[in-house]
Amino acid sequence: MSRPRTSRRLALAVPATLGAFALTVLPASATSSPAQIATSKTNGIAYLKSLQAADGSYAGSGLSNEWAFSAFAASGTAVVDVYPGGDTTKNARTVYRNLLSTAGWPQASPVVTDYERGTLNAYAAGIDPARVSASRNLVANVYSYWQTAEAGYFGPSGNFNGTVFAALSLRGAKTQGGTQRIPQALTDSMVTRIRANQHVDGGWTFQKAEGNPTVLNSASDVDMTGAAMAALCVSGVPNTDADVVQAKNFLKGTLVSGTGAFNSLYGVNTSSNGWGVAGLNACGFNPQTGDFLTGSGKTPIDFLIANQYNPAGGFKYKPADSVPSAYASIDALRAVAGGGFTATPPVPVTPGAPQWVAQSAFTPGTATKLALTVDDGAGGLKVCSVAFTPTAATTTLGDVLAAATGAATPSGCVTSVTPSSGTGTITHVNGKANSGANTWKVSVDGSAFAGALREKVINVGDTIALRWGA
């Protein structure tokens, strides 16, 4: 999510728990060694822990510190192991899960990036984003912002970062077993749009560029270039791909030789460096060697660590700042730790705490949503969130499709199904019939496609993909 460039981003009081360490002298610049990176991570984790509220929370209004969860996970700290005053009942994961489960979250008029942020950070915290609670399915929430008239975009296409973070969240937040939960057709549609928005200089901005020569020829920014190239690589695009290489070269071209900083549209700052490095990390490029080791012997990691207060652990937003910034510290630590924009949750050290938490079954009578795609095999991909109220701990594919005919967002995902009741093989969807070896097949949470039966059991949080073909 592209961050607002307002004073709120910068206005951060130094936490009292840091005491006199907050303004400790910064380290001298040098190419960062493994030992320096390890020290940076240790101190950075301590700083992020100091940001936790007394009730265990990180998320709140404005620029939320819940992004700390991706930095914790990338640094090897389980979010469930972060709790105030030794009170494990107030661990950050449980508090965040409870927040996500409330009807009022995220806000009165939510946007797609709210749910993408939630998906990325829930995943890093060890919360299955499709099974947050009986009523909350973040993957389905993201699906509801699919743009039917501009397939491949999520949220208004003019705000392109919604599509970038759709790819980062839907592809980055895998199942608990580590498999991709969304179908390849959906991945391909997002990749196509991301490629179409790449500027001539090799980078991206948060604005839509596709079809607009003026925007395509305008200057890119470091932040969204890091995010967009990460979205491509998380979506399976290799780092040898021409568009990914162009993005890497764009970042290389912004390097400041004397410091290793990226010279972003917003000036030299640690958040932009963090996003640029996160993109390099996600694509498997080493930000400390080759193209990213300047003639003066500096790297983007050097710049980040040079702007960290040690041993207090916080990072400055800009080199001239005199206090650490929580948001910049999150961006910087995640990058120094080698992370992209989310990370698989580490195994907790708290006794009895599982790596993952998830709703295990539907709650009869509690309204919920499921994520559904319908691929007609001829390029006609439909994506939607299906709202329904289950009557048992499980439901069936037939019942989900029936609900989709009248309660899907966006609408039109499913217009007709044959047979319309009972059990048996599904022979027609949206007027398209089985024909020889080309039949309707179904996949759940990335499983192999198999013949679609009305009676197929569907569980809470399942991501359902229907596809016509051999």
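Side chains are part of it too, since the values below use all heavy atoms of this structure and drop only hydrogens, waters and symmetry mates.
Looking only at distances, a side-chain donor or acceptor of Asp462 sits under 3.5 Å from a matching main-chain atom of Asn459. Between the side chain of Asn43 and the backbone N or O of Ala312, no donor-acceptor pair lies under 3.5 Å. Looking only at distances, no side-chain donor or acceptor of Asn263 sits under 3.5 Å from a matching main-chain atom of Val256. Proximity of a side-chain donor or acceptor of Thr363 to a complementary backbone N or O of Thr366 within less than 3.5 Å is not detected. No side-chain donor-acceptor contact under 3.5 Å links Thr113 to the backbone of Glu116. Looking at His199, its side chain does come within 3.5 Å of a backbone N or O of Val215 through a donor-acceptor pair. Side-chain atoms of Ser235 never come within 3.5 Å of backbone atoms of Val237 as a donor-acceptor pair (strictly under, hydrogens ignored). Looking only at distances, no side-chain donor or acceptor of Ser272 sits under 3.5 Å from a matching main-chain atom of Asn269. Distance alone, capped at 3.5 Å, places no donor-acceptor pair between the Arg171 side chain and the Ala231 backbone. Between the side chain of Lys316 and the backbone N or O of Pro319, at least one donor-acceptor pair lies under 3.5 Å.
Looking at every heavy atom in both residues, Ile301 comes nearest to Pro287 through CG1-CG, 4.0 Å. Taking each heavy atom of Gly297 and Asp302 in turn, the nearest pair found is O-OD2, 3.7 Å. Shortest non-hydrogen contact noted between Thr344 and Gln355 is CG2-NE2, 4.1 Å. When all heavy atoms of Ala353 and Pro348 are compared, the pair lying nearest together is O-CG, 3.6 Å.
Taking CD1 from Ile464 and CG from Asp445, the interatomic distance works out to 9.0 Å, rounded to the nearest 0.5 Å. Atom NZ of Lys298 is separated from atom OG1 of Thr31 by 6.0 Å, given to the nearest 0.5 angstrom. Asn121 contributes atom CG, which lies 11.5 Å from atom CZ of Phe72 (distance to the nearest 0.5 angstrom). The CD atom of Gln180 sits 6.5 Å away from atom OG1 of Thr187, with the distance rounded to the nearest 0.5 Å. Note: Ser40 OG to Leu304 CG = 8.0 Å, rounded to the nearest 0.5 Å. Once rounded to the nearest 0.5 Å, the distance linking CG of Leu232 with CG of Leu168 reads 9.5 Å.
Inspection of the Asn197 and Tyr153 side chains reveals an N or O donor paired with an N or O acceptor under 3.5 Å. Looking at Asn273 and Thr270, their side chains never bring a donor and an acceptor atom within 3.5 Å of each other. Checked by atom type, the side-chain pair Ser257/Ser296 shows a donor-acceptor distance below 3.5 Å.
In terms of the side chain to side chain contact (heavy atoms under 4.5 Å, CB included) criterion, residue partners of Ala92 (sequence neighbours excluded) are, by chain and number, Gln52, Tyr58, Phe69, Val79, Val82. In this view, Asp188 and Gln184 satisfy the side chain to side chain contact (heavy atoms under 4.5 Å, CB included) rule, not counting sequence neighbours. For Ala358, the side chain to side chain contact (heavy atoms under 4.5 Å, CB included) partners at least two apart in sequence or on another chain are Asp128, Arg131, Gln176. Every residue was checked against the ring-ring contact (aromatic ring centres under 6.0 Å, His included) condition with Phe250, not counting sequence neighbours, and none meets it.
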Exercise for the section: Could you check Ser264 against Asp221 for side-chain hydrogen bond (donor to acceptor under 3.5 Å, both in side chains), going step by step and ending with a plain yes or no? Expected result: CA-CA 6 Å; Ser264 81; Asp221 78 62; over 6 Å; no
Problem - salt bridge (charged side-chain N to carboxylate O under 4.0 Å, His left out) evaluation trace for Asp114 with Arg117 - result: CA-CA 5 Å; Asp114 289 327; Arg117 180 186 77 242; 3.2 Å; yes
Practice task
Check step by step if ring-ring contact (aromatic ring centres under 6.0 Å, His included) holds for Tyr115 and Trp105.
Solution key: CA-CA 10 Å; Tyr115 297 111; Trp105 183 89; 5.7 Å; yes
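The ring pair (Phe, Tyr, Trp, His ring centres under 6.0 Å) analysis of residues 328-350, with sequence neighbours excluded, yields the pairs Phe165-Phe341, Trp275-Phe341. For residues 206-216, the set of pairs meeting the salt bridge (Lys or Arg N to Asp or Glu O under 4.0 Å) definition, not counting sequence neighbours, comprises Glu150-Lys208, Arg193-Glu210.
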